[in-house]
Amino acid sequence: MTDANAVTETPKEEKTDNRLPDDRRWGEHFTLPIHTRIGRSLVEGRPPYVDDDGNQRPPIIGLFMHESMARPVWDQALADDPWAAWYLQLFRKELERARNSLETSFNYMREHLQELGFDIQTFPMPVDVKEYEVKVRTPTAVASASLIDDIDLYASACLFLRDQQMMSWDTFAQERRTISRIGRRVMATFASYRDCQVTRENVRGNDIAAQDATQVMGELPREILELPTGEAWTGPLVV
């Protein structure tokens, strides 16, 4: 039976990960189960600290901080800031590099798992799992969460092979360092972005605002100016 007092909502335009989130209602909410310390560090992050030898250790930018850094980049890309467009392209480039490296690692892992009668989807995962409720408003954070999920899967496979004596402790440690660096590099992409309140028009006119932005952000690749506004995420990769 239909409730006469019910409010009929106008269907919202469907959003996908390939679009700029120009509608502030856009967002993703999902549960991200993580099984390894590497995965947890990439979600939660870590503040800088001084180790036992007195060395300053840099922070790890986790998924939630990454999302907060990504939002102004998306907002300014929509406002025609070419440096914001550049950073979205840089993220795509880093993500592509990370995916390629991880795929090579997975190919190595599959061979060893097959020797034990498993594949990458069926080997016993660690029983210690922490579930994160993730709410994000940028497609870059959705892509980063997917990458973290795969890194966590690979780290879990490394743990399994080590426990089965199919991977040495030295190799295990090296694989952990490698995949951790892959994730950290992607997560840190937006850390150096600064909103300089400029547009392509400023850059083409080489006015004071553009010159100041160049001092802060570095020289802008000219190819970025040829990308239509809003296509840094969906258009061709030019950097």
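Every heavy atom of this structure was used, including side-chain atoms; hydrogens, water molecules and symmetry mates were not.
At a cut-off of 3.5 Å, with distance as the only test, no side-chain donor of Arg176 or Ser180 sits close to an acceptor on the other residue. For the residue pair Thr140 and Trp233, no side-chain donor N or O sits within less than 3.5 Å of a side-chain acceptor on the partner. Defined by atom type and a distance below 3.5 Å, a donor-acceptor pair is present between the side-chain atoms of Thr178 and Gln174. A side-chain N or O of Tyr132 and one of Glu44 form a donor-acceptor pair less than 3.5 Å apart. In this structure, a donor-acceptor pair under 3.5 Å is absent between the side chains of Thr104 and Asn107.
Using modelled atom types, one side-chain atom of Asn202 and one backbone atom of Thr199 make a donor-acceptor pair closer than 3.5 Å. Remark: the backbone N or O of Ile34 is not paired with any side-chain donor or acceptor of Glu131 at under 3.5 angstrom. Looking only at distances, a side-chain donor or acceptor of Trp83 sits under 3.5 Å from a matching main-chain atom of Gly218.
Looking at Arg200 and Asp81, no side-chain N of the basic residue comes within less than 4.0 Å of a carboxylate O on the acidic one, giving no salt bridge. Look at Glu96 and Arg92 and you find no salt bridge, because none of the NZ, NE, NH1 or NH2 atoms lies under 4.0 Å from a carboxylate O. Ion pairing between a basic and an acidic side chain is recognised when a charged N comes within 4.0 Å of a carboxylate O; Arg110 and Glu103 show such pairing.
Side-chain atoms of Pro59 and Pro48, non-hydrogen and from C-beta on, do get closer than 4.5 Å to each other.
Counting only residues at least two apart or on different chains, the ring pair (Phe, Tyr, Trp, His ring centres under 6.0 Å) pairs with a member in residues 136-157 are Phe106-Tyr154.
Rounded to the nearest 0.5 angstrom, Leu147 CG and Asp152 CG are separated by 11.0 Å.
Taking the six-membered ring for Trp and the full ring otherwise, the centers of Phe91 and His66 sit less than 6.0 Å from each other.
Leu225 is connected to Leu227 through a chain of hydrophobic side-chain contacts under 4.5 Å among Ile, Leu, Val, Met, Phe, Trp and Tyr, so both are in one cluster. Linking ILVMFWY side-chain heavy atoms closer than 4.5 Å, directly or via other members, places Ile38 and Trp169 in a single hydrophobic cluster.
Other residues, nucleotides and ligands contribute over 12 non-hydrogen atoms within 6.0 Å of the CD atom of Glu133.
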